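Chain naming here is simple, since letters A, B, ... match the order of the sequence lines and numbering starts at 1 in each. All of these numbers come straight from a predicted model, not from anything done at the bench.
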Amino acid sequence: MADLSPAERILAAIRAIPPGQVAGYGHVARRAGLPGRARMVARVLREHSAPDLPWHRVLRSDGKIAFPPNSKGYREQTQRLRAEGVDVRAGRVRIAASVPDLDGNLDAALWRPR
DNA sequence: TGGGTGACAACGC
DNA sequence: AGCGTTGCCACCC
């Protein structure tokens, strides 16, 4: 990644998440070279909405969907994730026990839920 | 300069 | 798992 603006690096990091997999806001930030800026990822996501952006693969660090339960975005995201085979229950993605230790923390299992 | 807000995170219980 | 607190950062008014 050459000299892209922070926002562009964030978008690139999100586009890099493979289908069927997810990543936390903080994780995306670090991958974009912006440690500690999870909130900036959220802001960028709120403004920039591109058709090729897999925004639905970005979750909170605890694996929960960031939108208010039952909101438009919440339902959208849940549906999109399920369409990719991701197990979503009670507003949170279910990580398989096959992935060793990840006490509620996504980062360990990131990039390969299920 | 000061105060409020978020598609957040880490901790403690 | 749920909840409250604190820390954070980039804006906004």
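Distance CD1 (I14(A)) to C1' (dC8(B)): 13 Å, rounded to an integer number of Å. The distance from atom CZ of R60(A) to atom P of dA10(B) is 12 Å, rounded to the nearest whole Å. Between R30(A) atom CZ and dC8(B) atom P there is a gap of 16 Å when expressed in whole angstrom units. Atom CZ in R89(A) sits roughly 12 Å away from atom P in dA1(C) (whole-Å rounding). Between K64(A) atom NZ and dA10(B) atom P there is a gap of 15 Å when expressed in whole angstrom units. Rounded to a whole Å, the CZ atom of R46(A) is 14 Å from the P atom of dT5(B). As rounded to whole Å, 15 Å separates atom P of dC8(B) from atom CZ of R92(A).
Between dC13(C) and dA7(B), the two C1' atoms lie 22 Å apart (nearest whole Å).
Side chains of V93(A) and D87(A) form no contact here, defined as non-hydrogen atoms less than 4.5 Å apart. Within the 4.5 Å cutoff, the side chain of L81(A) has heavy atoms near those of the L59(A) side chain. Counting only heavy atoms from C-beta outward, the side chains of V22(A) and I17(A) never approach each other to under 4.5 Å.
Less than 4.0 Å separates DNA chain B from no heavy atom of any residue of residues 72-80 of chain A.
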List, with names and distances, any nitrogen or oxygen atoms from the protein found under 3.5 Å away from nitrogen or oxygen atoms belonging to nucleotides 8-13 of chain C.
unit_1  : atom_1 : unit_2 : atom_2 : d
dA10(C) : OP1    : R37(A) : NH1    : 3.3
dC11(C) : OP1    : R43(A) : NH2    : 2.9

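You'll find that the side chain of S61(A) is closest to dA10(B), out of dC8(B), dA1(C), dA10(B). Side-chain atoms of A42(A) lie closest to dA7(B) of the nucleotides dG2(C), dA7(B), dA9(B).
Note on residues 65-79 of chain A: pairs passing salt bridge (Lys or Arg N to Asp or Glu O under 4.0 Å), not counting sequence neighbours, are E76(A)-R80(A). Residue pairs meeting the salt bridge (Lys or Arg N to Asp or Glu O under 4.0 Å) criterion with at least one partner in residues 46-58 of chain A, sequence neighbours excluded, are R15(A)-D52(A), R57(A)-E84(A).
A66(A) is linked by a side-chain contact (heavy atoms from CB on, under 4.5 Å) to Y25(A), R60(A), counting only residues two or more places apart in sequence or in another chain. Evaluation of the side-chain contact (heavy atoms from CB on, under 4.5 Å) rule for A7(A) yields S5(A), V44(A) as partners, not counting sequence neighbours. Taking P6(A) as the reference, R9(A), L34(A), M40(A) meet the side-chain contact (heavy atoms from CB on, under 4.5 Å) condition, with sequence neighbours excluded. S49(A) meets the side-chain contact (heavy atoms from CB on, under 4.5 Å) test with no other residue; sequence neighbours excluded.
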